[in-house]
S.K.: 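Quick one: the structure is below, and I'll ask about it shortly.
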Amino acid sequence: MTAPAAKTGTGTRPSATGENAAPAAPVVAFTGVDKSFGPVKAVADLSLTLYPGETVALLGPNGAGKSTALDLLLGLKNPDHGTVRVFGQTPAQAIAAGRVGAMLQTGGLMEEVTVRELVGLACDLHPRRYPVADVLAAAGISDIHDRKVNKLSGGQEQRVRFALATAGANDLIVLDEPTTGMDVSARQAFWSTMRAQVDQGRTVLFATHYLEEADAIADRVLVLHQGRLIADGTAAEIKARAGARRITFDLDGAIDLERLGALPHLVGLDVTGPTVRIRSDDADATMHAVYGLGLYPRNLEVAGLGLEQAFLAITDAATAEEAGNR
């Protein structure tokens, strides 16, 4: 393990060094993958490819298929149709070779052991193990190495799970909601460690509900909706694709929601007290109409969408499209 360094990566397919060198081989390849549970299709015709040295965020509303996609990637579930390959092998083969580390929300930890004993066991079992002291230090849990696992806080448990996922030299690290329960300083330390892993050529795939993390950390963002991949690009590309801007202003007196809801080019509307928040695909036309209603907005701000607003715009559009196709 090395000291943390700056975030790298472009979010595009990497190429090997050299003018005539072949592109890097895929780390993960989903090809036409379907997975259903009874009448519910959790993953639908999912095709995606990940490459070495990428930090990739997997986003989607609850029920979008994120957990199922991770389970398929890790061989915990098998696809009904299509193929999943990790380093050109089945997930089980890649994991047995010590090439994949995972930090999942599901599954309990051994309780009546110390943190060092549990992490030491993970290191002993890994084909390409790291020294236990290094793993504890990288996860920020050296100071609690002698504490029983059942005496840990939620944030400390998360850091232990991270240590188990990085007990050896994995080429792919898969993280499901990795910073849940961590405070701000712990999150910062966690992502510094992850950047160091990526700087060594490893690939990190993480699912998260913290969209500000995806915006700040990820080279590439994948958005799932009802089991389908609806967006794949850098955070900047996802924001641009939403094609809307955010308008915020305050109004005095009673607010007529019906009139505001009829504004042209409206994508989204939220009113909290005197503050109006609008998503519009033509901010100039929307504001012209606001003034045309005889309204006099104060504290007016017009800005591009953040990743969270872009995510909502894209998934809302996908929901509307699905409803129209029924």
Side-chain angles (χ1 to χ4, degrees), residues 6-7 9-11 55-62 64 66 177 179-180 182-185 187-188 190-191 195 206-225 230-321 323:
K7 170 183 161 187
T10 62
T55 302
V56 182
L58 182 63
L59 307 181
N62 290 333
K66 300 188 302 297
E177 303 289 345
T179 58
T180 299
M182 293 185 187
D183 60 26
V184 173
S185 61
R187 285 187 190 183
Q188 291 174 342
F190 174 87
W191 287 117
R195 290 183 187 118
F206 68 99
T208 184
H209 282 97
Y210 296 123
L211 271 69
E212 68 274 14
E213 285 190 344
D215 201 355
I217 302 299
D219 305 315
R220 183 176 164 200
V221 175
L222 307 176
V223 181
L224 290 182
H225 183 267
I230 62 171
D232 178 357
T234 65
E237 289 168 344
I238 300 297
K239 294 173 193 176
R241 173 176 164 173
R245 295 182 71 80
R246 182 178 65 245
I247 305 170
T248 305
F249 55 81
D250 295 332
L251 291 176
D252 294 323
I255 295 177
D256 189 331
L257 289 176
E258 186 174 348
R259 289 206 301 169
L260 289 178
L263 289 169
H265 301 281
L266 206 67
V267 176
L269 171 66
D270 176 71
V271 177
T272 305
T275 303
V276 178
R277 298 178 181 87
I278 290 172
R279 297 201 312 271
S280 168
D281 59 17
D282 188 335
D284 291 336
T286 299
M287 285 309 303
H288 181 77
V290 167
Y291 288 114
L293 293 174
L295 300 175
Y296 299 95
R298 296 181 294 104
N299 304 319
L300 175 64
E301 294 182 7
V302 180
L305 296 186
L307 184 59
E308 182 171 357
Q309 290 80 23
F311 167 80
L312 291 171
I314 290 171
T315 53
D316 286 351
T319 299
E321 183 179 350

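In what follows, residues are counted from 1 in the order of the sequence shown. All values reported here derive from a predicted model rather than from experimental measurement. Scope of the values below: all heavy atoms of this structure, side chains included, with no hydrogens, waters or symmetry mates.
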S.K.: So, does T286 use its side chain to make a donor-acceptor pair with the main chain of P264 at under 3.5 Å?
M.R.: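 Present.
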S.K.: Going by salt bridge (charged side-chain N to carboxylate O under 4.0 Å, His left out), name the pairs with one or both residues in residues 270-281, residues two or more places apart or in two chains.
M.R.: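 Salt bridge (charged side-chain N to carboxylate O under 4.0 Å, His left out) check on residues 270-281 returns D270-R277, R279-D316.
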S.K.: Just jot down the side chain to side chain contact (heavy atoms under 4.5 Å, CB included) partners of A285, sequence neighbours excluded, or say none.
M.R.: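 Once residues adjacent in sequence are excluded, the partners of A285 under the side chain to side chain contact (heavy atoms under 4.5 Å, CB included) criterion are H265, D282.
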S.K.: Indicate every side-chain donor-acceptor pair of residues 238-245 with a distance under 3.5 Å to a residue at least two apart or in another chain.
M.R.:
from	atom 1	to	atom 2	distance (Å)
K239	NZ	D215	OD1	3.2
K239	NZ	D215	OD2	3.1
R241	NH1	I230	O	2.4
R241	NH2	I230	O	2.7

S.K.: Which residues pass the side chain to side chain contact (heavy atoms under 4.5 Å, CB included) test with Q188, not counting sequence neighbours?
M.R.: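 Residues passing side chain to side chain contact (heavy atoms under 4.5 Å, CB included) with Q188: V184.
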S.K.: Going by side-chain hydrogen bond (donor to acceptor under 3.5 Å, both in side chains), name the pairs with one or both residues in residues 288-300, residues two or more places apart or in two chains.
M.R.: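 Every side-chain hydrogen bond (donor to acceptor under 3.5 Å, both in side chains) pair that includes a residue of residues 288-300, provided the two are not neighbours, is D250-N299, D252-R298.
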S.K.: Applying side-chain hydrogen bond (donor to acceptor under 3.5 Å, both in side chains), name anything that partners T315, two or more places apart in sequence or on another chain.
M.R.: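 T315 satisfies side-chain hydrogen bond (donor to acceptor under 3.5 Å, both in side chains) with no other residue.
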S.K.: Under 4.5 Å between any side-chain heavy atoms of T179 and F206, yes or no?
M.R.: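 A side-chain contact is absent here, since even the closest heavy-atom pair is not under 4.5 Å.
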S.K.: Taking the side chain as C-beta and beyond, is there a heavy-atom pair between T208 and T180 under 4.5 Å?
M.R.: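 SC-SC contact between T208 and T180 ruled out.
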S.K.: Applying ring-ring contact (aromatic ring centres under 6.0 Å, His included), can you list everything that pairs with F311, at least two apart in sequence or on another chain?
M.R.: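 So F311 forms no ring-ring contact (aromatic ring centres under 6.0 Å, His included) with any residue.
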S.K.: Residues in side chain to side chain contact (heavy atoms under 4.5 Å, CB included) with R259, at least two apart?
M.R.: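 Partners of R259 under the side chain to side chain contact (heavy atoms under 4.5 Å, CB included) test: D256, L293, L295.
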S.K.: Quick one: OG1 on T55 to CG on D219, what's the gap to the nearest 0.5 Å?
M.R.: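 If we round to the nearest 0.5 Å, T55:OG1 and D219:CG are 4.5 Å apart.
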S.K.: Output all residues satisfying side chain to side chain contact (heavy atoms under 4.5 Å, CB included) with D183, sequence neighbours left out; order by chain, then residue number.
M.R.: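 Expected list: S185, A186.
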S.K.: With distance as the sole test, does E308 use its side chain to make a donor-acceptor pair with the main-chain N or O of E212 at under 3.5 Å?
M.R.: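 The answer is no, because no donor-acceptor pair under 3.5 Å joins these two groups.
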S.K.: Does T234 use its side chain to pair, donor to acceptor, with the backbone of E237 at less than 3.5 Å?
M.R.: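 Indeed, once roles are kept as given, a pair shorter than 3.5 Å links the two residues.
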